[in-house]
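Structure first, then comments.
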There are 2 protein chains.
Amino acid sequence: MINGRFATAIHILTLLAREEGDVASSYIAGSININPVLVRKEISVLRDAGFVATQEGKNGGSRLAVRPSKIRLSDLYKIIYREGLFTHSKNMPNQHCAVGRRIGTIMDNLNVEAEQALLKRLHAISIQDLLDKV
Amino acid sequence: MINGRFATAIHILTLLAREEGDVASSYIAGSININPVLVRKEISVLRDAGFVATQEGKNGGSRLAVRPSKIRLSDLYKIIYREGLFTHSKNMPNQHCAVGRRIGTIMDNLNVEAEQALLKRLHAISIQDLLDKV
DNA sequence: TGTTCTGTAATAAAAATAATTACAGAATGA
DNA sequence: TCATTCTGTAATTATTTTTATTACAGAACA
């Protein structure tokens with residue numbers, strides 16, 4: 001679902017987009033109302049993607065590394081749902097049944113279609129757009 | 001995610017679309033490789049929606065109640081994800097923070113946008129279309 | 001009237017998410 | 001220098017969600 005990590009990432013980035021200096025993970029966690037460790041983990045993903053920069057040590061924290069208008073939600077989606085939002089069931093369908101044999105491929109194609117539709121829409125929305133709504 | 005119940009429903013309907021008479025839940029469960037009770041539960045939802053008809057008792061089972069071309073995946077999606085695929089986190093964000101105060105509405109809007117994009121695509125695909133691929 | 005289906009409730013097991021604890025290392029500055 | 005306050009990350013626990021199982025009443029049929 002689009003919540004969970006995706007919502008967390010959006011919240012983090014929108015918050016950072018509004019703040020001047022380095023923002024501590026505990027502060028961000030206080031705004032989202034989740035555990036600071038989860039924030040740090042998500043930030044490490046965002047950092048790997050080049051969206052944020054982090055300063056360790058006292059008075060440290062994170063800040064945006066690019067302009068908010070450069071962060072599209074489609075990028076975020078791809079980073080976070082690397083393995084596809086619409087994942088496989090791990091129960092192997094019955095291969096002796098014609099439908100069971102084909103359903104895997106059918107669902108795969110469907111997932112691709114669905115994700116493409118989603119990404120196309122998310123591509124048009126940036127963190128700046130969300131920021132404008134705050 | 002699009003799997004789980006959604007994939008189950010699609011599998012059930014595609015199977016029923018290929019079969020002549022009433023199909024038992026245990027047979028369907030054997031094709032999907034899940035528990036028959038889950039199949040019966042999902043069928044009860046599909047029945048409430050008017051897509052399938054069920055015959056109880058010996059030699060009973062389910063069959064399609066409408067033509068496969070009349071069942072669009074967008075309909076299925078709506079039936080199954082009544083409360084929205086992209087649901088809320090139940091942690092209330094910090095209302096003393098400007099971002100925390102607005103993020104709920106922002107995510108709600110985003111979810112609507114995302115679902116609309118998804119539904120638009122799913123609207124163009126029917127069970128008949130999937131059947132043609134089997 | 002026994003057999004074989006369904007419907008559904010209740011419970012248990014498994015998987016996915018989120019929270020917490022713990023601690024080493026980095027930067028700061030008194 | 002060294003106490004303080006940050007981060008990063010591993011390990012564990014707790015919670016929630018999803019799936020599976022068990023159980024049994026009722027329907028239809030031969």
Donor-acceptor under 3.5 Å ([X] side chain, [Y] main chain):
X	Y	answer
B:Asn111	B:Met107	yes
B:Glu56	B:Thr54	no
B:Ser31	B:Ile28	no

Just the rounded figure in Å: distance from [atom2] of [N] to [atom1] of [X].
X	N	atom1	atom2	result
B:Leu46	C:dG7	CG	C1'	15 Å
B:Phe6	D:dT18	CZ	P	16 Å
A:Tyr27	D:dT5	OH	P	19 Å
A:Ile43	D:dC6	CD1	C1'	12 Å

Would you tabulate the nitrogen or oxygen pairs shorter than 3.5 Å linking the protein to nucleotides 9-13 of chain D?
residue	atom	partner	partner atom	Å
D:dT9	O4	A:Arg40	NH2	3.4

- Answer with yes or no whether the side chains of A:Gln128 and A:Asp132 bring together a donor and an acceptor at under 3.5 Å. yes
- For B:Ser25 and B:Arg40, test the side chains for any donor-to-acceptor distance below 3.5 angstrom and give the result as yes or no. yes
- Check whether any side-chain N or O of B:Asn35 sits under 4.0 Å from OP1 or OP2 of D:dT18, and answer yes or no. no
What N/O pairs connect the protein and nucleotides 27-30 of chain C at under 3.5 Å? Give each pair on its own line.
residue	atom	partner	partner atom	Å
C:dA27	N3	A:Lys58	N	3.3

- Note on the structure: Between A:Asn91 and B:Asn33, the two heavy atoms sitting closest are ND2-O, 2.7 Å
- Item | Shortest non-hydrogen separation from B:Ala117 to A:Arg121 and the atoms involved | CB-CB, 3.8 Å
- Are A:Tyr81 and A:Leu119 in one and the same hydrophobic cluster, where Ile, Leu, Val, Met, Phe, Trp and Tyr link if side-chain heavy atoms are under 4.5 Å apart? yes
- Find the distance between CG (B:Asp129) and CG (B:Leu73) and round it off to the nearest 0.5 Å. 8.0 Å
- Message: Which residue in the set B:Glu115, B:Lys120, B:His123 passes side-chain hydrogen bond (donor to acceptor under 3.5 Å, both in side chains) when paired with B:Ser74?
- Response: B:His123
- Query: A:Ile34 near the nucleic acid: base, sugar-phosphate alone, or nothing, with a heavy-atom cut-off under 4.0 Å?
  - Reply: sugar-phosphate
- Item | 5' precedence on DNA chain C between B:Gly60 and A:Leu38 (nearest-nucleotide basis) | B:Gly60
- Message: Check this for me: does any side-chain nitrogen of one of B:Glu42 and B:Arg5 sit under 4.0 Å from a carboxylate oxygen of the other?
- Response: yes
- Query: Which residues in residues 9-25 of chain A have at least one heavy atom lying under 4.0 Å from any atom of DNA chain D?
  - Reply: A:Ala24, A:Ser25
